[in-house]
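Proteins come first, then strands; the chains are lettered A, B, ... in the order of their sequence lines, and each starts at number 1.
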Number of protein chains: 2
Amino acid sequence: MDPSVTHAIEDYLKTIYKSQRNGPASTSEVARAMGVSAASATAMIKRLAVMGLVDHTSYQGVRLTPGGEKIALQVVRHHRLLETYLRQVLGYPLDRLHDEACELEHHISEMFEDKISALLGDPTHDPHGHPIPTRSGRIVDVAAFPLAEAVEGQDVEIHRIADEDLELLRYFEEQRLLPHERVRVYSKAPMRGPIELRRGRKRTLIGYDVAEKVFVVSVNA
Amino acid sequence: MDPSVTHAIEDYLKTIYKSQRNGPASTSEVARAMGVSAASATAMIKRLAVMGLVDHTSYQGVRLTPGGEKIALQVVRHHRLLETYLRQVLGYPLDRLHDEACELEHHISEMFEDKISALLGDPTHDPHGHPIPTRSGRIVDVAAFPLAEAVEGQDVEIHRIADEDLELLRYFEEQRLLPHERVRVYSKAPMRGPIELRRGRKRTLIGYDVAEKVFVVSVNA
DNA sequence: GTTTAAATTTAGACTCGTCTAAATTAAAAA
DNA sequence: TTTTTAATTTAGACGAGTCTAAATTTAAAC
């Protein structure tokens with residue numbers, strides 16, 4: 001990580017990375033995610049463009065260059081390794097992982113990164129089920145779909161969950177609705193109604209809004 | 001730690017804490033330790049005084065208030081806990097502890113502090129032998145003296161070593177001249193000449209300059 | 001094809017922490 | 001006691017990152 005790249009720049013690049021899934025990220029999207037005014041986002045995007053970390057055409061959104069993406073992926077790697085570490089080694093509750101990792105991700109050295117990765121056995125996914133980029137910036141994503149879209153009778157494995165909604169994370173943890181859990185969609189009420197899950201002999205009712213934030217993959221029964 | 005207290009403020013308070021051993025810290029001392037110009041140090045000291053974290057009389061140096069000392073001790077606690085953690089859990093070499101801890105000390109939460117402290121068994125000293133302040137800011141220091149001042153035939157235990165001179169730290173590590181080691185001062189050459197140590201059956205020659213940076217306590221043979 | 005609404009950018013200002021150069025004060029030397 | 005030197009402070013400026021308010025552009029609605 002180029003040492004002249006500041007905390008703020010890293011945060012913007014990470015935000016743009018997450019916002020540019022389909023086509024360029026808009027200024028307002030970036031501003032909202034960063035919690036700053038649109039004017040501030042514009043100013044920073046212009047600076048990033050001068051540095052060659054993003055491509056920006058006025059009014060047309062912003063896109064990472066290969067150089068910008070490389071930094072963004074390193075930040076994401078730090079973030080997800082840290083979350084995994086805080087969870088598995090220090091026993092953090094789910095709802096405290098994100099904020100701590102957000103702060104630390106900009107301040108750990110490559111030695112720290114390597115040491116914790118090795119200690120954890122070079123994990124490929126964080127505690128929310130998100131993939132951890134490799135040191136060289138490779139990241140593999142799995143096609144998962146919202147639990148809300150599963151059909152009655154379907155057996156699914158939880159693959160990943162949203163990582164920023166604290167209330168939701170507390171609920172996930174309490175319900176053990178965590179990556180690797182297997183559940184059967186026992187019944188679905190109409191009109192975004194509750195969904196009944198079976199895990200072994202145990203049944204769980206969850207709301208539709210929650211089920212939209214749990215991403216699952218289908219498994220053979 | 002008051003969240004409105006920035007990284008820079010914490011660093012200045014820590015520096016002033018370490019500089020004000022006998023009487024107030026001078027502006028130039030602070031500036032040198034912080035690696036900034038005297039003008040910058042003056043400016044920051046004035047800001048700290050307005051915040052009530054230091055007492056400052058023009059041209060007369062600076063002294064921490066109780067509020068400022070509390071923050072300084074929390075930073076020192078973070079630093080030394082982190083060094084202990086990096087060493088004992090992640091297996092860092094001695095010469096990489098300080099820089100990593102200096103960066104991380106400003107960015108860990110109280111939960112992180114508590115978790116690593118508990119994991120380490122609430123250690124009282126860091127790997128260099130420096131005392132770790134308690135959460136409430138209590139710190140106990142031991143009267144140790146430089147190995148260079150020990151007399152021939154004296155049995156001593158290494159209590160603490162300097163923590164910022166990288167070359168020296170590499171030498172300490174290579175020689176296993178670490179806290180808790182017991183050595184006998186076998187002979188001293190005159191005029192700041194080398195000192196011969198015995199550890200068990202092993203003998204070690206060390207220079208006077210090194211011996212001035214190793215602090216020891218006398219032990220009954 | 002205009003008009004309107006929303007998104008975006010520009011203009012101008014502010015704080016923080018830094019700098020250099022010049023002015024001031026304290027303390028040591030004469 | 002005066003002079004000289006060293007430490008310290010002030011003055012003024014700068015870059016990073018932010019803000020609000022006003023101007024501009026895009027795109028959607030009419």
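Considering only side-chain atoms of B/T6, the nucleotide from D/dT18, C/dG17, C/dT9 that sits closest is C/dG17. The listed nucleotides are C/dT18, C/dA7, D/dG17; the one nearest the side chain of B/A43 is C/dT18. Across C/dG17, C/dT18, D/dT18, the shortest atom-to-atom separation from the side chain of B/S40 is found for C/dT18. Considering only the side chain of B/A8, C/dG17 comes nearest among D/dT9, D/dC19, C/dG17.
B/H159 has its ring centre less than 6.0 Å from the ring centre of B/H125.
When the C1' atom of C/dA26 is taken as reference, atom CD of B/Q60 falls 8 Å away, rounded to whole Å. Distance CE (A/M34) to P (D/dA16): 16 Å, rounded to an integer number of Å. Rounded to an integer number of Å, the gap from CD1 of A/I9 to P of D/dT18 is 10 Å. Between the P atom of C/dG17 and the CG atom of B/L13 lies a distance of 11 Å, rounded to the nearest Å. If you measure from atom CD1 of B/I45 to atom P of D/dT10, you get 12 Å, rounded to the nearest angstrom. Atom CG in B/L48 sits roughly 9 Å away from atom P in C/dG17 (whole-Å rounding).
Note on B/S37: a base of the nucleic acid sits closer than 4.0 angstrom, heavy atoms only. A/T27 comes within contact range of the sugar-phosphate backbone alone, with a heavy-atom separation under 4.0 Å but no base atom that close. Across all strands shown, A/T42 has heavy atoms under 4.0 Å from base atoms, whether or not it also approaches the sugar-phosphate. Residue-level contact check: B/H56 touches the backbone only, with heavy atoms under 4.0 Å from sugar-phosphate atoms and none from bases.
For NZ of A/K70, the number of neighbouring non-hydrogen atoms (other residues, nucleotides, ligands) closer than 6.0 Å is 12 at most. By the 6.0 Å contact criterion, NZ on A/K188 is enclosed, its count of non-hydrogen atoms from other residues, nucleotides or ligands being greater than 12.
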**Request:** Dump the intermediate steps for side-chain contact (heavy atoms from CB on, under 4.5 Å) on B/H98 and B/H79, then the final yes or no.
**Result:** CA-CA 8 Å; B/H98 184 74; B/H79 184 93; 3.3 Å; yes
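A residue-by-residue look at B/K46 and A/M44 shows that B/K46 has its nearest nucleotide of DNA chain D further toward the 5' end. Residue whose closest nucleotide on DNA chain D sits further toward the 5' end, between A/V36 and A/S58: A/V36.
With 3.5 Å as the limit, one finds a donor-acceptor pair spanning the side chains of A/S117 and A/D122.
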